[in-house]
Chemist: 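Sharing a structure below in structure tokens format, with a few things to ask.
Counting starts at 1 for both ligands and their atoms, following the listed order. These values consider heavy atoms only, across backbone and side chains, with no hydrogens, waters or symmetry-generated copies. These numbers come from a predicted model, not from an experiment. Positions are given from 1, in the same order as the sequence printed here.
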Amino acid sequence: MALVDTKKMFEMAYKNGYAVGAFNVNNMEITQGIMSAIAEEKAPLILQISRGARSYANIDYLKAIIDVAVKQNPDIPIAMHLDHGDTFETCKQCVDDGFTSVMIDASSKPFEENIAITKKVVEYAHEHGVVVEAELGQLGGIEEDVVGVSADDVSKHLTDPKEAVQFIKETGCDSLAVACGTSHGAFKFKVAPKLALDVIQAISDKLPGYPLVMHGSSSVLKEFKDLINKYGGDMPDAMGVPEDAITEASKMAVCKINIDTDLRMALTAKIRQVFAEKPAEFDPRKYLGPAREAIKDMVKHKLAILGCAGKASECM
Ligand code: G3H
Ligand code: 13P
Ligand code: ZN
């Protein structure tokens with residue numbers, strides 16, 4: 001089947017209490033690792049591309065890789081999504097490039113301005129059969145090109161449920177990324193966090209059936225953090241979102257869970273391990289191969305946490 005949008009996935013995820021994994025792709029090995037896990041577990045899938053990924057890999061290459069993934073997995077619904085689009089022009093370009101879902105992230109703008117930009121994107125995208133994710137509230141963490149609030153300030157920037165309802169009604173966006181205490185990157189918290197899942201509950205009480213999105217949802221797996229630190233890396237203070245909180249959110253109105261950092265850490269950990277244990281190795285296949293395998297195992301583990309393994313067919 002061709003690329004799909006996220007409507008049916010979110011409908012089923014909401015109804016049946018799970019979330020669809022949205023994994024960031026930047027190259028062939030990352031995509032292949034994800035696809036091997038998805039093919040074995042038969043889960044619906046969102047492959048997402050950031051502006052950074054577009055400029056790193058060139059969208060034509062990424063699109064070609066994703067087209068192969070779609071062709072080789074006719075029994076899996078796959079959406080191609082723009083992650084953190086910053087302007088109408090970026091979103092329009094992605095709609096024109098064949099994305100089936102785009103995110104407009106104008107969450108750093110004042111409320112009314114966020115509404116105006118999001119509405120414009122929704123109009124264009126919907127005219128072309130593409131769905132739109134928007135964001136309200138501010139996540140913590142600073143990624144390249146994605147600037148949020150500092151991790152300590154997170155609780156002050158949670159999404160206001162009343163504003164969320166007004167925002168969704170006025171913009172017509174198809175899903176909403178909410179700030180509930182998560183943040184981007186590998187250094188999310190200094191002490192074990194408690195997510196503000198009451199924000200999720202309050203929005204879904206007001207808008208039953210409406211799909212919410214959780215960004216910054218990597219859990220910084222101990223296995224990879226330990227390997228990175230053991231083999232010359234320096235991320236002793238890395239900390240992510242506890243996986244039981246991810247499962248809890250997945251059972252609520254959260255229908256899409258964004259994961260990038262855990263992919264990066266799996267890849268980096270394995271490459272560091274090969275380089276440390278076999279310093280004479282210089283064949284990229286000998287370190288990218290194990291890295292790709294680590295991504296596969298990690299994604300399989302995530303699909304169980306999200307509850308979406310085995311759900312591909314009901315989302316077709
Ligand atoms: O939310 C941010 C994602 O991890 C993408 O990061 O902009 O460095 O590709 P990136
Ligand atoms: P992580 O940094 O927690 O993986 O979050 C990724 C993300 O939200 C992409 O939009
Ligand atoms: Zn994000």
Chemist: Could you check whether Arg54 pairs with Asp97 (Lys NZ or Arg NE/NH1/NH2 to Asp/Glu carboxylate O, under 4.0 Å)?
Modeler: yes
Chemist: Counting from 1, what ligand 2 atoms have a heavy atom of His184 closer than 4.0 Å?
Modeler: 2 (O), 5 (O), 6 (C), 7 (C), 8 (O), 10 (O)
Chemist: Suppose I only count heavy atoms of Ser50 and a 4.0 Å limit; which atoms of ligand 1 are within that range?
Modeler: 5 (C), 7 (O), 9 (O), 10 (P)
Chemist: Which of these, Val25, Asn26, Leu82, sits in a side-chain contact (heavy atoms from CB on, under 4.5 Å) with Ile49?
Modeler: Val25
Chemist: Under 3.5 Å, N or O to N or O, is Lys188 touching ligand 2 that way?
Modeler: yes
Chemist: Hey, does Asn26 come in under 3.5 Å of ligand 1, counting only N/O atoms on both sides?
Modeler: no
Chemist: Answer with side chain, backbone, both or neither: which part of Leu139 has a heavy atom less than 4.0 angstrom from an atom of ligand 2?
Modeler: neither
Chemist: May I ask you to list the atoms of ligand 2 that are less than 4.0 angstrom from any heavy atom of His215?
Modeler: 8 (O), 10 (O)
Chemist: Has ligand 1 got any nitrogen or oxygen that is less than 3.5 angstrom from a nitrogen or oxygen of Arg264?
Modeler: yes
Chemist: Identify, by atom number and element, the atoms of ligand 1 in contact range of His84, meaning under 4.0 Å from any of its heavy atoms.
Modeler: 1 (O)
Chemist: With heavy atoms under 4.0 Å as the rule, classify the contact between Ser217 and ligand 2 as side chain, backbone, both or neither.
Modeler: backbone
Chemist: Atoms of ligand 2 less than 4.0 Å from His84 heavy atoms?
Modeler: 10 (O)
Chemist: Between Lys7 and Asp174, does any NZ, NE, NH1 or NH2 come within less than 4.0 Å of an OD or OE carboxylate oxygen?
Modeler: no
Chemist: State the atoms of ligand 1, each with its element, that fall below the 4.0 Å cut-off from a heavy-atom position in Asn24.
Modeler: 3 (C), 5 (C)
Chemist: Would you please test Asp226 and Lys222 for salt bridge (Lys or Arg N to Asp or Glu O under 4.0 Å) and show each step?
Modeler: CA-CA 6 Å; Asp226 288 351; Lys222 182 174 168 8; 2.5 Å; yes
Chemist: Centres of the Phe275 and Tyr287 rings: under 6.0 Å?
Modeler: yes
Chemist: As an exercise, state the distance from CZ of Arg292 to OG1 of Thr31, rounded to the nearest 0.5 Å.
Modeler: 11.0 Å
Chemist: Test your reading of the structure: does Ile259 have an N or O sitting under 3.5 Å from an N or O of ligand 2?
Modeler: no
Chemist: With heavy-atom distances below 4.0 Å as the criterion, list the atoms of ligand 2 near Asn24.
Modeler: 9 (C)
Chemist: Quick one: which ligand 2 atoms are inside 4.0 Å of a heavy atom on Asp83?
Modeler: 9 (C), 10 (O)
Chemist: Can you confirm, on distance only, whether ligand 2 has an N/O atom lying under 3.5 Å from any N/O atom belonging to Asp262?
Modeler: no
Chemist: Should one rank Leu263, Ile49, Asp260 by closest heavy-atom distance to atom 3 (C) of ligand 1, which comes out on top?
Modeler: Asp260
Chemist: Using heavy atoms and a threshold below 4.0 Å, how should the contact between Asp83 and ligand 1 be classified: side chain, backbone, both, or neither?
Modeler: side chain
Chemist: Should Asp160 and Lys162 be marked as a salt bridge (Lys or Arg N to Asp or Glu O under 4.0 Å) after you check the CA-CA gap, both sets of side-chain angles, and the distance that decides it?
Modeler: CA-CA 6 Å; Asp160 175 343; Lys162 251 176 75 190; over 6 Å; no
Chemist: Does Phe111 CZ have over 12 foreign heavy atoms under 6.0 Å away?
Modeler: yes
Chemist: What's the verdict on salt bridge (Lys or Arg N to Asp or Glu O under 4.0 Å) for Asp67 and Lys71, showing C-alpha distance, side-chain angles and the deciding distance?
Modeler: CA-CA 6 Å; Asp67 283 344; Lys71 192 168 162 213; over 6 Å; no
Chemist: Are any non-hydrogen side-chain atoms of Leu47 and Met35 less than 4.5 angstrom apart?
Modeler: yes
Chemist: Which N/O/S atom belongs to His215 and is the closest one to the Zn ion (ligand 3)?
Modeler: ND1
Chemist: With side-chain contact (heavy atoms from CB on, under 4.5 Å) as the test, would you mind laying out the steps for Arg51 and His84 before giving the verdict?
Modeler: CA-CA 7 Å; Arg51 286 178 297 122; His84 292 284; 5.5 Å; no
Chemist: Counting from 1, what ligand 2 atoms have a heavy atom of Gly216 closer than 4.0 Å?
Modeler: 1 (P), 3 (O), 5 (O), 7 (C), 8 (O)
Chemist: Run the side-chain contact (heavy atoms from CB on, under 4.5 Å) test on Tyr18 and Leu306 for me, step by step, so that the C-alpha distance in whole Å, both residues' side-chain angles and the decisive distance to 0.1 Å come before the verdict.
Modeler: CA-CA 6 Å; Tyr18 59 88; Leu306 305 186; 5.9 Å; no
